[in-house]
Amino acid sequence: RGLLGITVQKPDDQYLSPVVIAAAAPDGPAAKAGVKAGDTLVRADGKPVANFAQMMHALGPKYEGDAVTIAVARDGKEQTFENVVLIGAV
């Protein structure tokens with residue numbers, strides 16, 4: 001399984017709560033791309049991400065070495081990060 005190198009805030013409900021990044025591993029793909037703690041994941045690999053379950057559905061089939069595009073909301077603006085190469089371990 002491919003990993004972004006993020007920890008998300010524990011969702012109150014995996015089908016209702018947004019995916020808020022609690023931490024990004026310093027050497028992980030997400031941090032290297034520019035993702036920061038407090039960002040909210042809104043899209044992964046072209047698929048909307050409104051909750052934890054949708055994030056898992058979008059990223060679950062990905063493997064180490066796969067490149068994805070992710071989008072986050074930060075300070076009311078959307079930022080897109082392309083060609084984020086997933087790793088196998090953090």
Side-chain angles (χ1 to χ4, degrees):
R1 171 173 280 187
L3 304 171
L4 281 172
I6 60 170
T7 303
V8 300
Q9 290 180 2
K10 184 178 179 194
D12 293 327
D13 184 314
Q14 69 176 347
Y15 299 105
L16 296 176
S17 299
V19 179
V20 178
I21 310 298
D27 292 329
K32 287 179 180 177
V35 174
K36 298 179 180 179
D39 288 349
T40 300
L41 188 64
V42 294
R43 246 186 354 269
D45 213 26
K47 297 178 177 134
V49 173
N51 56 51
F52 186 79
Q54 287 180 341
M55 178 189 73
M56 295 304 294
H57 182 71
L59 296 175
K62 303 296 179 188
Y63 292 96
E64 177 180 4
D66 287 350
V68 297
T69 297
I70 58 173
V72 300
R74 179 186 302 159
D75 299 326
K77 298 177 185 170
E78 187 172 300
Q79 293 188 328
T80 301
F81 304 99
E82 297 180 351
N83 201 32
V84 179
V85 179
L86 304 178
I87 58 174
V90 179

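These numbers come from a predicted model, not from an experiment. Values below: every heavy atom of this structure, side chains too, minus hydrogens, waters and symmetry copies.
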With side-chain hydrogen bond (donor to acceptor under 3.5 Å, both in side chains) as the rule and sequence neighbours excluded, what pairs involving residues 7-28 come up?
none

Euclidean distance, L41 CG relative to N51 CG, rounded to 0.5 Å
10.5 Å

Can you name the closest pair of heavy atoms from V85 and G65 and give their distance?
CG1-O, 3.7 Å

Looking only at heavy atoms, which two atoms of A22 and A37 are closest? And how far apart?
O-CB, 3.3 Å

Mind checking whether V20 and L3 sit in one hydrophobic cluster, side chains of I, L, V, M, F, W, Y counted as touching below 4.5 Å?
no

According to a hydrophobic-cluster definition based on side-chain heavy atoms being under 4.5 Å apart (Ile, Leu, Val, Met, Phe, Trp, Tyr only), do L16 and M56 belong together?
no

Side chain to side chain, V49 and V42, heavy atoms closer than 4.5 Å
no

Test of understanding: with side chain to side chain contact (heavy atoms under 4.5 Å, CB included), list the residues that count as partners of A50, not counting sequence neighbours.
Q54

Which residues share a salt bridge (charged side-chain N to carboxylate O under 4.0 Å, His left out) with R74, sequence neighbours left out:
D39

A side-chain contact here means heavy atoms from C-beta on lying under 4.5 Å apart; do L86 and L4 qualify?
yes

I need the minimum non-hydrogen distance between A31 and P26, along with the two atoms involved.
CB-O, 3.8 Å

If the condition is salt bridge (charged side-chain N to carboxylate O under 4.0 Å, His left out), which residues does E78 pass it with, not counting sequence neighbours?
R43

List for me each residue that meets salt bridge (charged side-chain N to carboxylate O under 4.0 Å, His left out) alongside D45, sequence neighbours excluded, and say none if there are none.
K62

With sequence neighbours left out, the residues meeting side chain to side chain contact (heavy atoms under 4.5 Å, CB included) with A33 are F81, V84

